[in-house]
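Here's the structure, in structure tokens; my notes come after.
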Amino acid sequence: MTCDPRVLRRPLLVGLIPAVWTVVLGLWGLSRQNSVWRDEAATWQVARRSTGDIVRMLEHVDVVHSLYYLCMHGLFAGFGPSTTVLRLPSVLAVAAAAACVALIGHRLAGAYVGLGAGLALGLLPAVQFYLQEGRPYALVAAGSAVSTLLLVNALRGRARKRTWAAYACAVLVCGWLNWLALLILPAHLITLLWSRAPRGVRVRWAVAAGAATAGVLPLALFSLDQSGQVSWVPPLTWHMMIGPAILLAIGGLGGLLGRRAGTGTGTAPGTGMGTAERTGVGGRTDRTGRADRTDLAGPPDLANRAGRPGSAGTVEPPGPVTGSPSVAAVGLPLLAVPQLGLIALSLVKPLFVDRYILFSLLGLALLIGALIGRAVDEVARRSRPAARCVLPVLVAVALVALLPQSLAKRSPASRVDDVLAAAERTRQLKHDGDGVLFIPAARRDTWLVTPDAFTGTRDIALAETPEESGTLKGVEASPARVRAAMLAQRRILLVTDATGVARPTRGRRDRTKAEVLATHFTLVSDERIRGRRVAVYERLAPAGGG
């Protein structure tokens with residue numbers, strides 16, 4: 001299998017191939033054996049509420065995901081709740097991001113760099129994880145890719161007012177999906193400065209970026225009142241920075257080697273072509289950048305995106321370009337700035353969670369594309385036909401090498417727990433009239449996602465439902481009332497975290513639940529399934545009597 005030169009002549013195909021590739025990766029094992037973990041359970045149960053109930057909840061919790069919840073509510077209302085509807089938006093979002101990354105690489109350094117970057121994105125382990133996740137992080141990555149593509153177009157002299165309007169809208173939507181996505185703006189600023197963008201471009205960018213920031217600022221300020229939601233994030237430690245350090249090292253290597261190869265350095269003013277593209281891989285160019293017939297006939301990169309073959313075998317000069325950036329100038333800031341920015345924010349308040357800046361891996365994919373461009377250049381110096389095989393071989397090797405991780409990320413064990421498995425076991429163990437307890441109260445998501453599994457039972461600790469209270473988990477009764485309700489039950493089902501997942505019981509209500517179960521009930525069944533525990537307790541006979 002080789003890269004067909006006809007593909008390299010068509011920018012549309014350069015973007016379409018990685019998109020289709022990513023969709024295939026996303027559909028592979030999409031249901032994860034019909035499992036849903038706790039974070040996705042939050043999306044599921046909120047999306048099933050009415051719009052009014054969602055808005056009421058956002059006043060108390062999760063306002064940072066407000067746009068995402070409303071979008072998922074519309075999808076659940078239109079197509080019904082299922083693991084496919086839950087995760088397919090993320091699959092399509094990453095596919096769109098892969099297409100944008102491919103087009104960026106193609107426009108900056110040629111088709112091989114673009115194809116390599118687009119295909120690499122879907123193979124990155126972290127991307128494969130969130131590719132099949134019912135949360136907003138893949139959508140943020142897609143919006144970030146769109147905004148970066150628009151910025152690159154502007155730097156290449158193709159910006160109009162609508163380009164900057166679209167840029168502002170893309171950043172605004174990303175910010176409303178997760179306001180930490182605004183970390184892309186300082187990354188883009190560094191790209192502008194690195195590329196020595198004209199003053200007019202910088203001014204227009206500042207206006208668009210300012211408008212997007214102003215639109216996201218109310219959400220960010222309002223979400224500060226709900227900062228307790230991230231209280232579980234641990235303080236920043238040195239070992240937490242090992243991952244970012246490795247990513248930055250790989251990115252730096254990609255930028256350095258790409259520069260040496262000429263791919264992605266923008267060394268040809270106004271063209272941004274790499275070595276392979278400027279010479280047609282072994283062909284000749286004159287000082288005007290015009291290629292002879294040898295260039296046009298020879299692979300591997302026949303898609304000279306700075307122009308198109310003329311009737312005489314020459315390349316027509318490109319349109320006006322203000323200063324095409326290099327792959328390094330786009331990829332390195334996109335990778336590094338969000339990572340370093342989140343580390344800096346975490347010094348003030350613990351926030352360092354890699355999924356919050358998933359979009360930074362767009363930069364890593366671009367820099368991997370630069371490495372692939374370097375490999376193509378090196379092989380092309382020896383054999384032009386062999387150069388066509390470099391990209392397919394590298395993708396195949398990466399796919400095989402990452403196969404164990406790919407399989408692991410598509411298994412239920414890849415997540416902390418499985419809400420659906422616990423609900424199904426409850427369905428099998430319950431008796432009509434049983435009382436049900438959740439420790440902690442957040443494990444009530446088992447009931448909220450699959451209420452039919454609990455038909456015939458009663459949540460004995462619940463005072464207000466999540467919809468009534470405008471919360472994710474509802475409001476429980478006082479410890480005294482919980483105790484009285486438990487003592488009135490003959491049989492209680494407990495849904496809690498499995499050992500190794502569970503945290504120490506801190507709340508007074510949860511301590512009361514555990515104390516009453518230990519003192520007045522006996523354990524008759526205790527099953528651990530995919531990170532959760534479903535236990536059955538029966539009431540002890542009163543002392544001295546039957």
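Because only heavy atoms are used, hydrogens play no part in the values below, and waters and symmetry mates are left out as well, while side chains stay in. If you're wondering where the values come from, they're calculated on a predicted model, not measured in any experiment.
- Using cut-offs of 30° and 60° on the angle between ring planes, the pair F438 and F454 is tilted.
- L183 places a side-chain heavy atom less than 4.5 Å from the side chain of I357.
- Of the residues listed (D445, T446, D497), the one engaging R38 in a side chain to side chain donor-acceptor pair (under 3.5 Å) is D497, and it is the only one.
- Between the side chains of D53 and S50, at least one donor N or O lies within less than 3.5 Å of an accepting N or O.
- Figure legend: cation-pi geometry between R355 and F129 absent, as NZ or CZ is not positioned both under 6.0 Å from the six-membered ring centre and within 45° of its axis.
- Side-chain atoms of F79 and T84, non-hydrogen and from C-beta on, never get closer than 4.5 Å to each other.
- More than 12 heavy atoms of other residues, nucleotides or ligands shown are found within 6.0 angstrom of NZ on K409.
- L236 pairs in a side chain to side chain contact (heavy atoms under 4.5 Å, CB included) with only one of the listed residues (L345, L347, L342), which is L347.
- Between T450 and A423 the shortest heavy-atom distance is OG1-CB, 2.9 Å.
- Annotation: ring-ring contact (aromatic ring centres under 6.0 Å, His included) contacts involving residues 20-62, sequence neighbours excluded, comprise W44-F76.
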Verdict with supporting geometry, T43 and V36, side-chain contact (heavy atoms from CB on, under 4.5 Å): CA-CA 10 Å; T43 300; V36 171; over 6 Å; no
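- A distance of 13.0 Å separates CG of L437 from CZ of R509, quoted to the nearest 0.5 Å.
- Between D62 and Y69, some side-chain heavy-atom pair lies under the 4.5 Å cut-off.
- Side-chain contact between E467 and M57: absent, with no pair of heavy atoms (C-beta onward) separated by less than 4.5 Å.
- Side-chain contact check for R491 versus R539: every heavy-atom pair is 4.5 Å or farther apart.
- Residues S360 and Q339 bring a donor and an acceptor atom of their side chains to less than 3.5 Å of each other.
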- request: Take S406 and Q128 through the side-chain hydrogen bond (donor to acceptor under 3.5 Å, both in side chains) test and state the conclusion after the steps.
  value: CA-CA 7 Å; S406 300; Q128 288 201 58; 3.1 Å; yes
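- Between E476 and the options R508, R481, R483, R444, a salt bridge (charged side-chain N to carboxylate O under 4.0 Å, His left out) holds for only R444.
- Between R528 and D526 there is a salt bridge, since a side-chain N of the basic residue sits under 4.0 Å from a carboxylate O of the acidic one.
- If you take CG on N178 and CG on L67, they are separated by 11.5 Å, rounding to the nearest 0.5 Å.
- Each of R135, R87, Q45 was checked for a side chain to side chain donor-acceptor pair (under 3.5 Å) with E40, and the lone residue meeting it is R87.
- Contact annotation: the side chain of K349 never approaches that of S231 to less than 4.5 Å [non-hydrogen atoms, C-beta and beyond].
- R530 has no carboxylate O lying under 4.0 Å from a charged side-chain N of E424, or vice versa, which leaves the two without a salt bridge.
- Applying the side chain to side chain donor-acceptor pair (under 3.5 Å) test between D417 and each of R443, R533, R532 identifies R532 as the sole match.
- Contact check for S66 versus W176: side-chain heavy atoms found under the 4.5 Å cut-off.
- The closest side-chain heavy-atom distance from D434 to I492 is not below 4.5 Å.
- With L30 as reference, V91 is the one residue of V91, T83, L86 to meet the side chain to side chain contact (heavy atoms under 4.5 Å, CB included) rule.
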